[in-house]
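Report on one structure; see the data block that follows.
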Amino acid sequence: MSGFPSRPLTSHVRQPSLSANAGGQSPALVARVNEKKAELENLKELRDLSAAVATQMEALEQKLATLSDGTEAIALVLSNWHNVLRAINMASAKLPTLAAESGDGETSLPQTLVRIPTEHAPALQAHAEGAAEEESG
């Protein structure tokens, strides 16, 4: 070979220190491993919390879709009320002229065109019947 002294190859390979083997791992390495373990736990917790938030957002999306559908239904009903009120007004305006043409001489009130049941309907009906009996008697 060309003039280089031949040395054994094993002298260039780094040998683990005896103090590292005897005492386990270096404190800096142990601290770094513990830090990475804590970071891993934090990331797992973040993943779980993110999944919970995603689930809650999906539930909120479903509730908002229901709310949106309900709002559309209410808007449709409310858009019809002007037609209902116009029909009541037209019918109410026509009834007094019919009563005047019949020659009764009494002013009659328009008939009830829309009846809306209430939870107090029986009590109101009893009260109305009582008032009618008082007037006739």
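The chain is numbered in sequence order, starting from 1. Keep in mind the model is a prediction, meaning the values are calculated, not measured.
In this structure, the side chain of S68 does not engage the main chain of L64 through any donor-acceptor pair within 3.5 Å.
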Could you list the donor-acceptor pairs under 3.5 angstrom formed by side chains in residues 72-80, with sequence neighbours left out?
{"from": "S79", "atom 1": "OG", "to": "A75", "atom 2": "O", "distance (Å)": "3.4"}
{"from": "S79", "atom 1": "OG", "to": "L76", "atom 2": "O", "distance (Å)": "2.7"}
{"from": "N80", "atom 1": "OD1", "to": "N83", "atom 2": "ND2", "distance (Å)": "3.4"}

Which atom pairs, one a donor and one an acceptor, fall under 3.5 Å between side chains of residues 35-62 and the rest of the protein, sequence neighbours left out?
{"from": "N42", "atom 1": "ND2", "to": "A38", "atom 2": "O", "distance (Å)": "3.4"}
{"from": "S50", "atom 1": "OG", "to": "L46", "atom 2": "O", "distance (Å)": "2.8"}
{"from": "T55", "atom 1": "OG1", "to": "A51", "atom 2": "O", "distance (Å)": "2.9"}

